[in-house]
Amino acid sequence: MPPPDRSGGPQPGANSLFFPAWPPQWPEITESILQAVHSGHWGRYRGEATEKLREKIVELIGGGHVRLVSSGSLGVELALRAAGVCPGDQVVLCGYDYPGNFRAIEILGARPLLVDADPSGFSVDPESLRQVSSDSVKAVVVSHLYGVPAKIRQLHEICDQNDWVLIEDACQTPGMHIDGRLAGAWGDVAVLSFGGSKPLTAGNGGAVLTNSDRIASKLNAHLDRPSDSTPMSELQAAALLPQLDRLDECNRIRWETYSAIVAGVDWTGQATSSCCVTESSTIYKAAFLSPRRDELIQRLRRSGLPVGPGYRSMHRSSDRRCEKSGPLDRCRQLGEQLCLLDHAALLSTGSLRSELVNLLSAAG
Ligand SMILES: *Cc1c(COP(=O)(O)O)cnc(C)c1O
């Protein structure tokens, strides 16, 4: 198997490093797409690659129903619909999350109820969720962000006790093991993304997964009209197949680079001391906290490093649009302090990895 391609264009900046190309430019992706072209399947509603991709995702997650869809964002909306979320229902989500998840809840006419983020991670804090007491809550959205697993076992228990549907957003973390189950296998319904910024990419695309026959049939009813109303194309599926084959390998490389950074760069160690990253985490973008985040990002960018801020926290969202459970201090902190190093840089190996660590050290 060839190593991840190294021919990526230079990043802007004085000391440009050549990080691995993203999207990956592996010959097997080209071959797979050409095969879909030559077979003529690219011109069908349904071809071999889409079916194979669906089967591989079922295999990866360990069973259940899988539907391929056009994006992760729409996947979350479909998951909410299939979970039976109706206008007037409340849906709990973390005040620090992918903003599209908030929008998906609003689009259904439901009302977001924001809880705080875990003080040792980036997702819903189980303590904050336990304090929610509302008869209107129908579902809880939990995202695994930047490769740090949510405390999904505890969250799952709380949802079960309250009869809330658990919607697991695993868009950033395909292939992550959490307590003996894959990310995406914990939720009553779960979502993957194959968007342009994700570790498995087709530019666009996603998947909705569920073990529940009831949720699956609701999902099918939304999608099949009788054409699939929000499909993924055969060419996208063809691009994804070889990436899925190398997912574990790439997850391992990203983890090794992340570990080298945390071990070798003082300021990242201090910044993430409270984060619960383990070897089973599949680091997506490396997340670091810094109280002087914006200056740090400027310095790192001047060194040619692909870094940027995290999401805007939703703790200040208008009370007209949502409820909030408490002041959401951790969400505010994440919104102000999170700095993300792009996942393409994490695919660095060998001397490139050492250079990356050196540059981060010097710029911090
Ligand atoms: C990217 C992302 C989404 C949306 O996926 P798209 O395919 O880009 O629409 C949803 N949730 C999380 C956590 C994401 O990172």
Side-chain angles (χ1 to χ4, degrees), residues 22-23 53 57 66-83 91-108 112 114-115 117-118 121-124 139-152 155 166-176 178 182-184 186-187 189-209 223 230-233 236-237 239-240 243-244 247 251 254 281-287 308-314 331 334-335 338 340-344 346:
W22 198 263
L53 180 66
I57 295 172
V66 172
R67 289 295 304 248
L68 301 175
V69 295
S70 58
S71 74
S73 301
L74 190 78
V76 172
E77 184 185 324
L78 287 163
L80 290 162
R81 280 188 198 283
V91 177
V92 176
L93 83 161
C94 186
Y96 182 87
D97 198 355
Y98 175 65
N101 292 352
F102 185 103
R103 288 292 297 133
I105 295 164
E106 282 190 316
I107 282 164
L108 293 189
L114 303 179
V115 292
D118 185 339
F122 307 132
S123 191
V124 172
V140 179
V141 176
V142 174
S143 304
H144 306 286
L145 295 182
Y146 318 128
V148 177
K151 293 195 169 136
I152 196 78
L155 297 170
L166 174 58
I167 296 172
E168 186 184 9
D169 179 340
C171 284
Q172 299 184 359
T173 53
M176 178 163 70
I178 317 167
L182 262 285
W186 282 94
V189 50
V191 183
L192 299 179
S193 163
F194 308 122
S197 67
K198 299 295 146 70
L200 290 173
T201 183
N204 299 290
V208 182
L209 332 167
L223 292 175
T230 169
M232 180 190 269
S233 85
Q236 288 171 304
L240 284 165
Q243 297 178 56
L244 209 55
L247 179 62
N251 279 341
R254 282 188 286 263
S281 313
T282 61
I283 299 301
Y284 160 56
K285 297 183 177 184
Y311 300 130
R312 257 187 73 191
S313 163
M314 299 180 278
C331 296
L334 295 177
L338 255 177
L340 300 172
L341 175 66
D342 194 67
H343 60 100
L346 296 179

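Order of appearance sets the numbers: ligands from 1, and atoms from 1 within every ligand. Here the structure is a predicted model, which is why all the values come from computation and not from measurement.
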Checking T173 against T282: is there a side-chain donor and acceptor pair closer than 3.5 Å?
no
I'd like to check which ligand 1 atoms, numbered from 1 as shown, lie under 4.0 Å from a non-hydrogen atom of G205.
7 (O)
For residues M314 and L93, determine if any side-chain heavy atom of one lies less than 4.5 Å from a side-chain heavy atom of the other.
yes
Report, in ascending order of atom number, the atoms of ligand 1 lying under 4.0 Å from any heavy atom of S71.
7 (O), 9 (O)
Return the closest protein heavy atom for atom 10 (C) of ligand 1 as residue, atom name and distance.
Y98 CD2, 3.2 Å
Report the member of N101, V69, L74, D169 with the shortest heavy-atom distance to atom 12 (C) of ligand 1.
D169
For the side chain of T201 and the backbone of G195, is there at least one donor-acceptor N/O pair under 3.5 Å apart?
yes
Quick one: does N101's side chain get under 4.5 Å of V91's, heavy atoms only?
no
Mind checking whether Y146 contacts ligand 1 via backbone (N, CA, C, O), side chain (CB onward), both or neither, at a 4.0 Å heavy-atom cut-off?
neither
Any donor and acceptor pair, going by atom type alone, linking the side chain of E168 with main-chain N or O of W186 inside 3.5 Å?
yes
Protein contact to atom 15 (O) of ligand 1 [nearest heavy atom, distance to 0.1 Å]
Q172 NE2, 2.9 Å
Give yes or no for whether the N/O distance cutoff of 3.5 Å, strictly under, is met between S193 and ligand 1.
yes
Are any side-chain N or O atoms of D97 and backbone N or O atoms of L145, one a donor and one an acceptor, separated by less than 3.5 Å?
no
Protein heavy atom at shortest distance from atom 9 (O) of ligand 1
S73 OG, 2.5 Å
Answer yes or no: is there a donor N or O on one side and an acceptor on the other, between the side chain of S313 and the main chain of Y96, under 3.5 Å?
no
Enumerate the atoms of ligand 1 whose separation from the nearest heavy atom of Y311 is less than 4.0 angstrom.
14 (C), 15 (O)
Ligand 1 contact on C171 by region, counting heavy-atom pairs under 4.0 Å:
side chain
Give me the residue, atom name and distance of the protein heavy atom closest to atom 2 (C) of ligand 1.
K198 NZ, 2.5 Å
Between L145 and ligand 1, which residue portion shows a heavy-atom distance shorter than 4.0 Å: side chain, backbone, both, or neither?
side chain
Knowing that exactly one of Y98, Y146, Y311 qualifies, which makes a ring pair (Phe, Tyr, Trp, His ring centres under 6.0 Å) with F122?
Y146
